Amino acid sequence: MVITDRAMPDMSGDLVAAAVKAASPATPVIMLTGFGGLMLAADERPERVDVVVGKPLTRRALRDALAAVARPPG
């Protein structure tokens with residue numbers, strides 16, 4: 001499992017997610033971002049990101065994201 005931010009110096013979280021999925025397609029990617037609320041409202045999720053979580057992070061949001069990627073596909 002990888003948890004990444006979206007806006008980072010040198011490499012965006014979108015690129016991190018793409019690299020992770022290229023190397024290991026089954027590895028879950030969670031994007032933790034200050035833009036999470038806007039992204040969720042617009043139903044926006046980068047192609048290779050499994051779950052988007054907004055900042056500030058709450059325990060419940062983290063728990064829900066972890067549960068979502070821990071579930072078997074289907």
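Fair warning: this is a prediction, and the values are worked out from it, not measured in the lab. All residue numbers in this chain count up from 1 along the given sequence.
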Kindly indicate whether the side chain of [X], heavy atoms from C-beta on, has any atom under 4.5 Å from the side chain of [Y].
X: Val52; Y: Thr33; answer: yes
X: Val49; Y: Arg6; answer: no
X: Asp14; Y: Met31; answer: yes
X: Asp5; Y: Leu32; answer: no
X: Ile30; Y: Leu66; answer: yes

Pro28 and Val69: which non-hydrogen atoms are nearest, and at how many Å?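 Smallest heavy-atom distance, with atoms named: CB-CB, 3.5 Å.
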For Val51 versus Ala68, what's the shortest heavy-atom pair and its separation?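 Looking at all heavy atoms of both residues, the closest pair is CG2-CB, 3.9 Å.
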Any side-chain to backbone donor/acceptor pair from Lys21 onto Thr27? Under 3.5 Å, distance only.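 Yes, because the side chain of Lys21 sits within donor-acceptor range (under 3.5 Å) of the backbone of Thr27.
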